[in-house]
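Heavy-atom basis, side chains included; hydrogens, waters and symmetry copies ignored. Residue numbering restarts at 1 for every chain, and letters A, B, ... go by the order of the sequence lines.
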There are 2 protein chains.
Amino acid sequence: MNLKQLSQMLGLSQTTVSRALNGYPEVNRETRERVLKAVRETGYRPNKAAQRLATGKAGSIGLVMPTSPGNSSDVHFSEFLTGLGEEALRHDFHFVLTPADPNDEVGALRRLAASGNVDALFVNYMRGHDPRLEMLKTLSIPFLVHGRSIGSEPDYPFLDLDNEAAFYDATKLLLQLGHRRFALLNGPIYLDFAIRRKNGMEAALAERGLTLDEACTSHTPMTDEQGLFAMERILQMEKEKRPTAVLCSSTVLALGAVRAVNQAGLKLGEDISLIAHDDVLTLLKPESFTVPLTTTRSSLRAAGVRIAERLIGEIKHTETFPSQELWKAELIVRASTGVAPAD
Amino acid sequence: MNLKQLSQMLGLSQTTVSRALNGYPEVNRETRERVLKAVRETGYRPNKAAQRLATGKAGSIGLVMPTSPGNSSDVHFSEFLTGLGEEALRHDFHFVLTPADPNDEVGALRRLAASGNVDALFVNYMRGHDPRLEMLKTLSIPFLVHGRSIGSEPDYPFLDLDNEAAFYDATKLLLQLGHRRFALLNGPIYLDFAIRRKNGMEAALAERGLTLDEACTSHTPMTDEQGLFAMERILQMEKEKRPTAVLCSSTVLALGAVRAVNQAGLKLGEDISLIAHDDVLTLLKPESFTVPLTTTRSSLRAAGVRIAERLIGEIKHTETFPSQELWKAELIVRASTGVAPAD
DNA sequence: AGAGGTAGCCAAAGCGCTTTGAGGAATGGG
DNA sequence: CCCATTCCTCAAAGCGCTTTGGCTACCTCT
């Protein structure tokens, strides 16, 4: 069933039927109702490809799925995706997901844009000096980035968490509790958020004349396994040199780190204080750790909702948003942080 | 840059250029190379919407994302998605993800198919007597289901895990270890896999004249929280009646369950034996639990790869696959299972 | 009554691609 | 030398939709 058949059936022109369906004013009320009734009865659905070809709008936003053989699936990514989906549902939008080799993200993005299948692009997992930015600016479709790219001109639309402030505040808290030796379990250092979190932490330390020991810093994929390894390594240091305060870039890393602490027979919140960044993952609630975790919290999913909202608004030209948003994380104190142990 | 411009640039007709690009034999080798060179230089990419309109093929497979406001993101789903993506990447396919209210999955599926945006459909989270099946059969595009639907005619293409056998075997193992009182922490009972796992477990018990106590059975969303609650409830029973063996439908449930066991001061593998089904989630490795978990294992991600492979093969008409596949889970014994404690 | 609007509808062009049906040029055979 | 054959190329139709630019009939106003 297509427009032609439908309009013949109704004894109307394609034009009129099309207008009736798309809410144009120059259609008689009765006619419109007749059309809508026929649509309901026949189950007619406009062909999206044709619609897209004619209008240039696709009702879809494109994103590159950072996946490659051997690469692990990422809870953070799917939490975010859930948020995107939640908002897209409200506007009858869908996503076009292009899986891409991480080494060819620029290419994948370009192909996606050129395919004419999407109205807007979204990118995340920003790196320092991210090469995708330059490419995106040359494109004619709107885009939005989640995160920022340190080292690039900040002239692109983004939504980011104030990672620097989050880790600055967290460090500050630990300093107030008397801690002097710190460790950081971070994400891969080429990622922008990891760089900024480290910066934030170092800034707070510097205020007290302290520095972050490289030996106590790890930059790894954010899995529980890596968290375990990194923490084990740190706990092997002599007690006098060993950090008493640890910052984790994800509750996932913290999951492993806490296990290491337990296995070493140490008490979280007494021997070792830990603050993790909490993306509000469904699976991993900091409050349901055996010792509830102090966290810097910002929901990834909420970010997804917001990003979809902005992107769709831009496509529909209905709303304008501040082009650059910086969210603050909440610092939530629970039992995993305590006064520094006496040496 | 479109076909018309490109062909004018080359002094060729659109036909010839199109044929050159799509590998038709009736194009001179030199001509073809000239065309390909121009494509490389200009960065020309065919418009997918137009291609789709002309050919009827879209190079994409559609899936409904089970998401709604307030609904939680699901690690199992994203693990699977990763597998799909991995395979799709190899064939330059992409996905169209339609987020849908779980109450309107049939509608979402129909819209997706009618939109003309996808070549094939994929569905999962099958229920008993699943209404989507009937709808899918009326559609003209191929589809594949992950899982099965108990109570429906088994005349549709599927890939499923032999859930019955997996839980039958697991139960059998526990019986051999002397356990007589069992509990089951299962997924929502309307889901097909949950029904079958329960059946498998009950079949093994029945062979010894045992039955599964309803009070020791829970059907919940598969989150760690639910696992914790369910297990806490079970551990409140009097010691003489309390189950000594527990089956979990997911390592995620097990995560909570194990926490409950620990909090009760019981020893896993001694006081309580536990077997979980392991979907090989990146985040949750059964071997890195404090007491490594005995599991029935089957990679969700591998299933994703296989499903994409079959779907894409069907679209391209290149390969035919057995239309129905039943995978076996591996039973892997670790430390969480032990001889039943003497009463 | 005639000018000027307006409401409601339509025919046709166009979006960028593939594919059909046909034609021109070169080659070979009788 | 002519016709058949092969190789390459082309013009044009068509995919299903939106949108432009009329057109007609009916009002309203003076």
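Between atom CD of residue A:E87 and atom CD of residue A:E309 there is a gap of 5.0 Å, rounded to the nearest 0.5 Å.
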Q: Check the pair B:Y190 / B:Y125 against ring-ring contact (aromatic ring centres under 6.0 Å, His included), numbers first and verdict last.
A: CA-CA 10 Å; B:Y190 55 82; B:Y125 293 107; 9.7 Å; no
Q: Apply salt bridge (charged side-chain N to carboxylate O under 4.0 Å, His left out) to B:E325 and B:R306, showing your working.
A: CA-CA 10 Å; B:E325 284 178 75; B:R306 176 62 176 163; 2.9 Å; yes
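The CG-P distance, from B:N28 to D:dT6, rounds to 18 Å in whole Å. Atom CG in A:L3 sits about 15 Å away from atom C1' in C:dA12, given to the nearest Å. Look at CG on A:N2: it is 6 Å from C1' on D:dG16, rounded to the nearest Å. When rounded to the nearest whole Å, the span between CD of B:E30 and P of D:dC7 equals 16 Å. Following rounding to the nearest Å, B:K4 (NZ) and C:dA13 (C1') show an atom-to-atom distance of 12 Å. Here C:dC9 presents its P atom at 16 Å from CD of A:Q14, a figure rounded to the nearest Å. Rounded to whole Å, the distance from CE on A:M1 to P on D:dC17 is 10 Å. Across the protein-nucleic acid pair, A:L6 atom CG and C:dC10 atom P stand 13 Å apart, rounded to whole Å.
Shown here is B:R111, whose CZ atom has more than 12 heavy atoms of other residues, nucleotides or ligands within 6.0 Å. Sparse packing is recorded around NZ of B:K37, with 12 or fewer heavy atoms of other residues, nucleotides or ligands lying under 6.0 Å away.
Using a 4.5 Å heavy-atom cutoff, the side chains of B:T15 and B:R19 are in contact. Contact check for B:L121 versus B:L112: side-chain heavy atoms found under the 4.5 Å cut-off. A:R110 has its side chain within reach of A:M135: a pair of non-hydrogen atoms, C-beta onward, lies under 4.5 Å apart. With contacts defined as side-chain heavy-atom distances shorter than 4.5 Å, the pair B:V145/B:N124 does not qualify. Using a 4.5 Å heavy-atom threshold, the side chains of A:D192 and A:R127 count as separate. Counting only heavy atoms from C-beta outward, the side chains of A:L300 and A:H146 approach each other to under 4.5 Å.
Along DNA chain C, the nucleotide nearest B:S18 and the nucleotide nearest A:V27 are compared for position; the residue whose nucleotide lies closer to the 5' end is A:V27.
With distances taken from any side-chain atom of B:E26 to the nucleotides D:dC17, D:dT9, C:dC9, the minimum falls on D:dT9. Checking C:dC9, D:dC10, D:dT19 against the side-chain heavy atoms of B:S13 singles out D:dC10 as nearest.
Regarding contacts with the backbone of D:dC8, every side-chain N or O of B:Y24 stays at 4.0 angstrom or more from both OP1 and OP2. At the phosphate of C:dC17, OP1 or OP2 sits under 4.0 Å from a side-chain N or O atom of B:Y44. Listed pair A:N22 / D:dT18 meets the phosphate criterion, a side-chain N or O lying under 4.0 Å from OP1 or OP2. Under 4.0 angstrom from either OP1 or OP2 of C:dC9 there lies at least one side-chain N or O belonging to A:T31.
Side-chain contact annotation: B:S13 with B:T16, donor-acceptor N/O pair under 3.5 Å present.
Here A:E30 pairs with nothing under the salt bridge (Lys or Arg N to Asp or Glu O under 4.0 Å) rule; sequence neighbours left out.
Sorted by residue number, the members of residues 46-58 of chain A with any non-hydrogen atom under 4.0 Å from DNA chain C read A:L53, A:A54. Across residues 34-42 of chain B, not one residue has a non-hydrogen atom less than 4.0 Å from an atom of DNA chain D.
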Contacts under 3.5 angstrom, residues 1-9 of chain A side chains, donor-acceptor by atom type, not counting sequence neighbours:
| residue | atom | partner | partner atom | Å |
| --- | --- | --- | --- | --- |
| A:N2 | OD1 | A:K4 | N | 3.3 |
| A:N2 | OD1 | A:Q5 | N | 3.0 |
| A:S7 | OG | A:L3 | O | 3.0 |
| A:S7 | OG | A:K4 | O | 2.9 |

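Note: A:F122 and A:F80 meet the aromatic proximity criterion, with ring centroids under 6.0 Å apart.
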Q: Indicate for each nucleotide in nucleotides 21-26 of chain D, in 5' to 3' sequence, whether protein heavy atoms under 4.0 Å reach the base (B), only the sugar-phosphate (S), or nothing (-).
A: B-----
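Where the helix from C:dA1-D:dT30 to C:dG30-D:dC1 starts and where it ends, the local axes point in directions that differ by 50°; five pairs per end, rounded to 10°.
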